[in-house]
Undergrad: 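Right, I'll just put the structure down here and ask away after.
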Amino acid sequence: MPNSTNAILDRAMGALVGGALGDALGMPTQLLSPARIAELYGHVEDFVAPFADHPVSKGLVAGTITDDTEQALLLGRILVESGDRFDHARWVNALLDWEREVKARGSYDLLGPSTKRAIDAINDGVPAEEAGSRGDTNGAAMRIAPVGIMMPLEPLDAFVAKVAETCRATHNTSIAIASAAAVAAAVSRGLAGGDWRTASESAVAAARRGAKLGHWVTGGDIATRIVWAQELVRGKTMKDAIGLITDLVGTGVASQESVPAAFAVLEVANGDPWQAAVISANLGGDTDTIGAIASGMAGACVGFSRLPQQHISRLVGIDIAEVRALAEDLVAARSAKASKDAAA
Ligand SMILES: [Mg+2]
(Lines give C-alpha, C1' and ligand atoms only; values in the text may rest on other atoms or scores of the structure.)
Protein backbone atom coordinates (compact mmCIF):
# COMPACT_ATOMS: atom_id res chain seq x y z
CA MET A 1 0.00 0.00 0.00
CA PRO A 2 1.36 3.45 -0.82
CA ASN A 3 1.15 5.07 2.59
CA SER A 4 3.43 8.01 1.93
CA THR A 5 2.49 11.15 0.06
CA ASN A 6 5.31 10.42 -2.38
CA ALA A 7 3.86 7.03 -3.31
CA ILE A 8 0.39 8.54 -3.80
CA LEU A 9 1.86 11.38 -5.84
CA ASP A 10 3.72 8.85 -8.00
CA ARG A 11 0.43 7.11 -8.77
CA ALA A 12 -1.33 10.43 -9.44
CA MET A 13 1.40 11.24 -11.95
CA GLY A 14 1.04 7.72 -13.33
CA ALA A 15 -2.65 8.40 -14.04
CA LEU A 16 -2.09 11.74 -15.75
CA VAL A 17 1.06 10.92 -17.73
CA GLY A 18 -0.10 7.35 -18.44
CA GLY A 19 -3.23 8.87 -19.96
CA ALA A 20 -1.07 11.19 -22.06
CA LEU A 21 0.88 8.20 -23.44
CA GLY A 22 -2.31 6.45 -24.53
CA ASP A 23 -3.68 9.67 -25.99
CA ALA A 24 -0.55 10.48 -28.02
CA LEU A 25 -0.08 6.93 -29.31
CA GLY A 26 -3.71 6.86 -30.49
CA MET A 27 -3.68 10.39 -31.94
CA PRO A 28 -2.73 9.40 -35.53
CA THR A 29 -5.04 6.37 -35.67
CA GLN A 30 -8.20 7.96 -34.24
CA LEU A 31 -11.25 7.71 -36.54
CA LEU A 32 -9.53 5.14 -38.77
CA SER A 33 -10.64 1.57 -39.39
CA PRO A 34 -8.38 -1.26 -38.19
CA ALA A 35 -7.77 -2.14 -41.87
CA ARG A 36 -6.62 1.39 -42.68
CA ILE A 37 -4.33 1.42 -39.62
CA ALA A 38 -2.76 -1.87 -40.77
CA GLU A 39 -2.35 -0.51 -44.31
CA LEU A 40 -0.69 2.72 -43.12
CA TYR A 41 1.42 1.47 -40.22
CA GLY A 42 1.31 -2.30 -39.95
CA HIS A 43 1.04 -2.61 -36.16
CA VAL A 44 1.48 0.67 -34.26
CA GLU A 45 4.02 0.13 -31.48
CA ASP A 46 5.58 3.57 -31.21
CA PHE A 47 4.58 7.20 -31.75
CA VAL A 48 3.83 7.86 -35.42
CA ALA A 49 2.74 10.95 -37.34
CA PRO A 50 -0.79 11.16 -38.79
CA PHE A 51 -1.19 10.90 -42.55
CA ALA A 52 -1.35 14.24 -44.39
CA ASP A 53 -5.16 14.38 -44.79
CA HIS A 54 -6.15 13.05 -41.38
CA PRO A 55 -9.49 14.73 -40.55
CA VAL A 56 -8.56 15.95 -37.06
CA SER A 57 -4.89 15.08 -36.44
CA LYS A 58 -3.36 16.46 -39.65
CA GLY A 59 -0.27 18.55 -39.05
CA LEU A 60 0.50 17.15 -35.59
CA VAL A 61 3.93 15.62 -35.04
CA ALA A 62 4.40 12.09 -33.66
CA GLY A 63 3.91 11.97 -29.89
CA THR A 64 1.51 14.92 -29.66
CA ILE A 65 -1.21 14.73 -27.02
CA THR A 66 -4.80 15.79 -27.82
CA ASP A 67 -8.01 17.07 -26.23
CA ASP A 68 -8.21 14.08 -23.87
CA THR A 69 -5.09 15.07 -21.94
CA GLU A 70 -5.61 18.82 -22.30
CA GLN A 71 -9.17 18.68 -20.96
CA ALA A 72 -8.19 16.35 -18.10
CA LEU A 73 -5.51 18.83 -16.99
CA LEU A 74 -8.00 21.68 -17.41
CA LEU A 75 -10.60 19.90 -15.28
CA GLY A 76 -7.93 19.21 -12.65
CA ARG A 77 -7.08 22.89 -12.46
CA ILE A 78 -10.76 23.89 -12.14
CA LEU A 79 -11.25 21.28 -9.39
CA VAL A 80 -8.37 22.74 -7.41
CA GLU A 81 -9.61 26.31 -7.92
CA SER A 82 -13.23 25.37 -7.10
CA GLY A 83 -12.59 23.93 -3.63
CA ASP A 84 -15.55 22.02 -2.18
CA ARG A 85 -18.23 23.29 -4.57
CA PHE A 86 -17.49 22.68 -8.24
CA ASP A 87 -17.66 25.99 -10.13
CA HIS A 88 -19.76 25.22 -13.23
CA ALA A 89 -19.43 28.69 -14.74
CA ARG A 90 -15.66 28.62 -14.37
CA TRP A 91 -15.53 25.17 -15.94
CA VAL A 92 -17.71 26.11 -18.93
CA ASN A 93 -15.67 29.27 -19.51
CA ALA A 94 -12.47 27.22 -19.32
CA LEU A 95 -13.81 24.84 -22.01
CA LEU A 96 -14.77 27.81 -24.22
CA ASP A 97 -11.34 29.40 -23.76
CA TRP A 98 -9.75 26.05 -24.52
CA GLU A 99 -11.63 25.71 -27.81
CA ARG A 100 -10.72 29.26 -28.83
CA GLU A 101 -7.09 28.50 -28.06
CA VAL A 102 -6.96 25.24 -30.02
CA LYS A 103 -8.65 26.93 -33.00
CA ALA A 104 -6.02 29.68 -32.86
CA ARG A 105 -3.35 26.97 -32.87
CA GLY A 106 -4.86 25.67 -36.12
CA SER A 107 -6.06 22.42 -34.59
CA TYR A 108 -9.03 20.52 -36.05
CA ASP A 109 -9.59 18.45 -32.91
CA LEU A 110 -12.20 20.57 -31.14
CA LEU A 111 -14.89 20.00 -28.51
CA GLY A 112 -16.67 16.64 -28.69
CA PRO A 113 -20.39 16.26 -29.54
CA SER A 114 -21.86 16.39 -26.02
CA THR A 115 -19.62 19.20 -24.78
CA LYS A 116 -20.26 21.20 -27.97
CA ARG A 117 -24.03 20.78 -27.65
CA ALA A 118 -23.95 21.86 -23.99
CA ILE A 119 -21.83 24.93 -24.71
CA ASP A 120 -24.19 25.93 -27.55
CA ALA A 121 -27.12 25.59 -25.14
CA ILE A 122 -25.34 27.75 -22.54
CA ASN A 123 -24.67 30.39 -25.21
CA ASP A 124 -28.43 30.29 -25.93
CA GLY A 125 -29.17 31.09 -22.28
CA VAL A 126 -29.58 27.64 -20.70
CA PRO A 127 -28.00 27.62 -17.19
CA ALA A 128 -24.73 25.64 -16.97
CA GLU A 129 -26.35 23.29 -14.43
CA GLU A 130 -28.96 22.21 -17.01
CA ALA A 131 -27.01 22.20 -20.24
CA GLY A 132 -25.70 18.63 -20.08
CA SER A 133 -29.06 16.87 -19.90
CA ARG A 134 -28.50 14.98 -23.17
CA GLY A 135 -24.71 14.51 -23.08
CA ASP A 136 -24.13 10.78 -23.33
CA THR A 137 -20.82 10.35 -25.21
CA ASN A 138 -17.40 9.62 -23.70
CA GLY A 139 -16.09 13.17 -23.08
CA ALA A 140 -16.75 13.09 -19.34
CA ALA A 141 -15.00 9.73 -18.92
CA MET A 142 -12.02 10.79 -21.02
CA ARG A 143 -11.15 13.74 -18.73
CA ILE A 144 -12.28 12.47 -15.31
CA ALA A 145 -8.94 11.16 -13.91
CA PRO A 146 -8.32 14.28 -11.74
CA VAL A 147 -11.54 13.56 -9.79
CA GLY A 148 -10.20 10.07 -9.03
CA ILE A 149 -6.94 11.63 -7.86
CA MET A 150 -8.61 14.24 -5.65
CA MET A 151 -11.35 12.07 -4.12
CA PRO A 152 -10.89 9.10 -1.77
CA LEU A 153 -13.14 6.27 -3.00
CA GLU A 154 -14.99 6.00 0.31
CA PRO A 155 -17.64 6.98 1.09
CA LEU A 156 -18.67 5.85 -2.39
CA ASP A 157 -21.83 8.00 -2.50
CA ALA A 158 -19.79 11.17 -1.96
CA PHE A 159 -17.27 10.01 -4.54
CA VAL A 160 -19.88 9.37 -7.24
CA ALA A 161 -21.67 12.62 -6.33
CA LYS A 162 -18.46 14.55 -7.02
CA VAL A 163 -18.11 12.79 -10.39
CA ALA A 164 -21.72 13.68 -11.22
CA GLU A 165 -21.17 17.29 -10.18
CA THR A 166 -18.32 17.69 -12.67
CA CYS A 167 -20.44 16.05 -15.40
CA ARG A 168 -23.49 18.28 -14.88
CA ALA A 169 -22.77 21.04 -17.38
CA THR A 170 -21.94 18.75 -20.30
CA HIS A 171 -22.73 15.08 -19.54
CA ASN A 172 -25.63 14.94 -17.07
CA THR A 173 -26.92 11.50 -18.14
CA SER A 174 -26.99 8.10 -16.46
CA ILE A 175 -24.69 6.56 -19.03
CA ALA A 176 -22.07 9.33 -19.04
CA ILE A 177 -22.00 9.60 -15.24
CA ALA A 178 -21.73 5.82 -14.86
CA SER A 179 -18.84 5.83 -17.34
CA ALA A 180 -17.01 8.69 -15.68
CA ALA A 181 -17.61 7.17 -12.23
CA ALA A 182 -16.09 3.88 -13.41
CA VAL A 183 -12.92 5.51 -14.72
CA ALA A 184 -12.52 7.85 -11.74
CA ALA A 185 -13.03 4.96 -9.30
CA ALA A 186 -10.35 2.89 -11.01
CA VAL A 187 -7.95 5.82 -10.69
CA SER A 188 -8.84 6.46 -7.05
CA ARG A 189 -8.42 2.79 -6.16
CA GLY A 190 -5.05 2.79 -7.92
CA LEU A 191 -3.93 5.77 -5.83
CA ALA A 192 -4.97 3.90 -2.70
CA GLY A 193 -2.64 1.04 -3.69
CA GLY A 194 -5.00 -1.12 -5.73
CA ASP A 195 -3.85 -3.16 -8.71
CA TRP A 196 -5.74 -3.04 -12.01
CA ARG A 197 -8.02 -5.94 -11.06
CA THR A 198 -9.22 -4.41 -7.80
CA ALA A 199 -9.44 -1.07 -9.61
CA SER A 200 -11.77 -2.71 -12.14
CA GLU A 201 -13.95 -4.04 -9.30
CA SER A 202 -14.22 -0.56 -7.81
CA ALA A 203 -15.06 0.78 -11.26
CA VAL A 204 -18.00 -1.59 -11.61
CA ALA A 205 -19.36 -0.67 -8.17
CA ALA A 206 -19.05 3.05 -8.93
CA ALA A 207 -20.67 2.65 -12.37
CA ARG A 208 -23.69 0.97 -10.72
CA ARG A 209 -24.12 3.99 -8.43
CA GLY A 210 -23.45 6.49 -11.20
CA ALA A 211 -26.11 4.96 -13.45
CA LYS A 212 -28.76 6.07 -10.92
CA LEU A 213 -27.82 9.74 -11.36
CA GLY A 214 -28.46 12.23 -14.13
CA HIS A 215 -31.08 12.04 -16.86
CA TRP A 216 -31.79 8.47 -17.91
CA VAL A 217 -30.84 7.76 -21.50
CA THR A 218 -31.03 4.50 -23.40
CA GLY A 219 -27.91 2.39 -23.90
CA GLY A 220 -26.33 -0.79 -22.55
CA ASP A 221 -25.56 -0.78 -18.81
CA ILE A 222 -22.00 0.43 -18.24
CA ALA A 223 -21.20 -1.71 -15.17
CA THR A 224 -22.53 -4.87 -16.82
CA ARG A 225 -20.72 -4.12 -20.07
CA ILE A 226 -17.39 -3.55 -18.27
CA VAL A 227 -17.64 -6.98 -16.61
CA TRP A 228 -18.72 -8.58 -19.91
CA ALA A 229 -16.00 -6.90 -21.99
CA GLN A 230 -13.25 -8.00 -19.60
CA GLU A 231 -14.56 -11.58 -19.56
CA LEU A 232 -14.82 -11.57 -23.35
CA VAL A 233 -11.10 -10.95 -23.88
CA ARG A 234 -9.70 -12.78 -20.85
CA GLY A 235 -6.94 -15.22 -21.89
CA LYS A 236 -7.16 -14.21 -25.57
CA THR A 237 -4.15 -13.35 -27.73
CA MET A 238 -3.71 -9.66 -28.50
CA LYS A 239 -4.83 -10.19 -32.11
CA ASP A 240 -7.99 -12.06 -31.15
CA ALA A 241 -8.74 -9.60 -28.36
CA ILE A 242 -8.46 -6.64 -30.74
CA GLY A 243 -10.94 -8.34 -33.08
CA LEU A 244 -13.41 -8.96 -30.24
CA ILE A 245 -13.14 -5.37 -28.98
CA THR A 246 -13.64 -3.81 -32.41
CA ASP A 247 -16.38 -6.22 -33.54
CA LEU A 248 -18.36 -6.76 -30.35
CA VAL A 249 -17.56 -4.19 -27.65
CA GLY A 250 -17.23 -1.33 -30.13
CA THR A 251 -14.75 1.54 -30.29
CA GLY A 252 -17.05 4.46 -31.05
CA VAL A 253 -17.49 7.72 -29.19
CA ALA A 254 -20.58 6.24 -27.46
CA SER A 255 -19.85 5.76 -23.76
CA GLN A 256 -21.24 2.24 -23.77
CA GLU A 257 -18.70 1.24 -26.44
CA SER A 258 -15.43 3.05 -25.72
CA VAL A 259 -15.51 2.87 -21.91
CA PRO A 260 -16.02 -0.92 -21.65
CA ALA A 261 -13.47 -1.17 -24.50
CA ALA A 262 -10.90 0.63 -22.32
CA PHE A 263 -11.49 -1.87 -19.50
CA ALA A 264 -11.12 -4.77 -21.96
CA VAL A 265 -7.81 -3.23 -23.07
CA LEU A 266 -6.70 -3.09 -19.42
CA GLU A 267 -7.44 -6.82 -19.19
CA VAL A 268 -5.53 -7.75 -22.37
CA ALA A 269 -2.59 -5.55 -21.33
CA ASN A 270 -2.61 -7.18 -17.89
CA GLY A 271 -2.50 -3.68 -16.43
CA ASP A 272 0.63 -2.56 -18.29
CA PRO A 273 0.18 1.13 -19.27
CA TRP A 274 2.32 1.05 -22.44
CA GLN A 275 0.77 -2.24 -23.63
CA ALA A 276 -2.64 -0.69 -23.03
CA ALA A 277 -1.63 2.27 -25.19
CA VAL A 278 -0.34 -0.01 -27.98
CA ILE A 279 -3.49 -2.17 -28.00
CA SER A 280 -5.74 0.92 -28.02
CA ALA A 281 -3.84 2.60 -30.86
CA ASN A 282 -4.50 -0.39 -33.12
CA LEU A 283 -8.23 -0.72 -32.40
CA GLY A 284 -9.43 1.99 -34.74
CA GLY A 285 -12.35 4.26 -33.90
CA ASP A 286 -11.83 6.43 -30.83
CA THR A 287 -8.30 5.10 -30.29
CA ASP A 288 -6.86 8.13 -28.50
CA THR A 289 -9.68 8.34 -25.97
CA ILE A 290 -9.72 4.58 -25.32
CA GLY A 291 -5.92 4.74 -24.93
CA ALA A 292 -6.07 7.76 -22.63
CA ILE A 293 -8.63 6.06 -20.39
CA ALA A 294 -6.98 2.61 -20.36
CA SER A 295 -3.40 3.82 -19.89
CA GLY A 296 -4.49 6.42 -17.34
CA MET A 297 -6.17 3.76 -15.19
CA ALA A 298 -3.18 1.43 -15.64
CA GLY A 299 -0.78 4.27 -14.77
CA ALA A 300 -2.71 5.02 -11.57
CA CYS A 301 -2.15 1.41 -10.50
CA VAL A 302 1.60 1.22 -11.18
CA GLY A 303 2.80 4.81 -10.76
CA PHE A 304 4.84 7.24 -12.83
CA SER A 305 8.15 5.64 -11.85
CA ARG A 306 7.13 2.44 -13.66
CA LEU A 307 6.04 4.17 -16.87
CA PRO A 308 8.39 3.97 -19.88
CA GLN A 309 10.48 7.11 -19.41
CA GLN A 310 11.95 6.89 -22.94
CA HIS A 311 8.46 7.41 -24.36
CA ILE A 312 7.48 10.12 -21.87
CA SER A 313 10.45 12.22 -22.94
CA ARG A 314 9.09 12.18 -26.51
CA LEU A 315 5.60 13.43 -25.64
CA VAL A 316 4.72 16.72 -27.33
CA GLY A 317 2.31 19.34 -25.97
CA ILE A 318 2.61 18.48 -22.29
CA ASP A 319 4.76 20.11 -19.59
CA ILE A 320 5.61 17.39 -17.07
CA ALA A 321 6.59 19.95 -14.40
CA GLU A 322 3.17 21.57 -14.76
CA VAL A 323 1.47 18.17 -14.51
CA ARG A 324 3.47 17.49 -11.35
CA ALA A 325 2.35 20.79 -9.79
CA LEU A 326 -1.28 19.91 -10.55
CA ALA A 327 -0.86 16.36 -9.20
CA GLU A 328 0.59 17.81 -5.98
CA ASP A 329 -2.42 20.12 -5.55
CA LEU A 330 -4.90 17.31 -6.23
CA VAL A 331 -3.13 14.93 -3.83
CA ALA A 332 -3.08 17.66 -1.16
CA ALA A 333 -6.85 18.09 -1.61
CA ARG A 334 -7.27 14.30 -1.32
CA SER A 335 -5.27 14.18 1.91
CA ALA A 336 -7.26 17.08 3.35
CA LYS A 337 -10.55 15.30 2.54
CA ALA A 338 -9.30 12.00 3.96
CA SER A 339 -8.29 13.61 7.27
CA LYS A 340 -11.55 15.58 7.44
CA ASP A 341 -13.51 12.34 6.93
CA ALA A 342 -11.40 10.60 9.57
CA ALA A 343 -12.13 13.42 12.04
CA ALA A 344 -15.88 13.41 11.28
MG1 LIG B 1 -8.51 13.16 -28.55
Side-chain angles (χ1 to χ4, degrees), residues 15-33 36-37 41 44 47-51 53-76 94-119 135-146 170-171 176 179-180 183 250-255 257-259 261-262 265 273 276-299 311 314-318 323:
L16 296 173
V17 180
L21 289 173
D23 180 15
L25 202 67
M27 171 275 288
T29 54
Q30 66 172 315
L31 306 177
L32 306 186
S33 69
R36 182 83 170 121
I37 295 169
Y41 303 109
V44 176
F47 297 127
V48 289
F51 67 95
D53 294 325
H54 192 291
V56 297
S57 299
K58 55 187 163 191
L60 298 180
V61 299
T64 305
I65 57 124
T66 77
D67 58 335
D68 307 72
T69 305
E70 291 184 359
Q71 289 185 19
L73 299 176
L74 194 62
L75 176 61
L95 285 169
L96 279 168
D97 287 347
W98 176 84
E99 190 174 58
R100 263 193 292 275
E101 195 226 320
V102 296
K103 272 186 188 156
R105 259 190 261 155
S107 172
Y108 300 91
D109 199 358
L110 307 175
L111 294 172
S114 294
T115 303
K116 183 77 194 150
R117 197 162 51 190
I119 299 267
D136 58 358
T137 45
N138 62 16
M142 86 174 186
R143 60 191 177 220
I144 203 70
T170 58
H171 293 78
S179 297
V183 177
T251 57
V253 72
S255 298
E257 291 198 358
S258 37
V259 173
V265 166
V278 168
I279 294 162
S280 302
N282 289 283
L283 289 174
D286 208 355
T287 50
D288 61 325
T289 296
I290 296 170
I293 294 173
S295 300
M297 297 190 298
H311 297 305
R314 290 166 57 220
L315 285 171
V316 177
I318 186 168
V323 176

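Hydrogens, waters and symmetry mates play no part in the numbers below; they use all other heavy atoms, side chains included. Remember, it's 1-based here, ligands and their atoms both numbered in the order they're listed.
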Undergrad: Just to confirm my numbers, could you give the angle made at the Mg ion (ligand 1) by OD1 of D68 and OG1 of T66, rounded to 10°?
TA: 80°
Undergrad: Between K58 and Y108, is NZ or CZ placed under 6.0 angstrom from the six-membered ring centre and within 45° of the ring axis?
TA: yes
Undergrad: Need the atom name: nearest N/O/S atom of D67 to the Mg ion (ligand 1).
TA: OD1
Undergrad: Let me know which of T170, T69, N138, D67 forms a side-chain hydrogen bond (donor to acceptor under 3.5 Å, both in side chains) with R143.
TA: T170
Undergrad: From the N, O or S atoms in D288, identify the one nearest to the Mg ion (ligand 1).
TA: OD2
Undergrad: Are R36 and Y41 in a cation-pi setup, meaning NZ or CZ lies under 6.0 angstrom from the ring centre and within 45 degrees of the ring axis?
TA: no
Undergrad: Taking both backbone and side-chain atoms into account, decide whether D109 has an N/O/S atom under 2.8 Å from the Mg ion (ligand 1).
TA: no
Undergrad: Establish, from distance only, whether the side-chain atoms of W98 and Q71 form a donor-acceptor pair under 3.5 Å.
TA: no
Undergrad: Spell out, as yes or no, whether a donor-acceptor pair under 3.5 Å connects the side chain of S295 to the backbone of G19.
TA: no
Undergrad: Strictly under 2.8 Å, is any N, O or S atom of D286 next to the Mg ion (ligand 1)?
TA: no
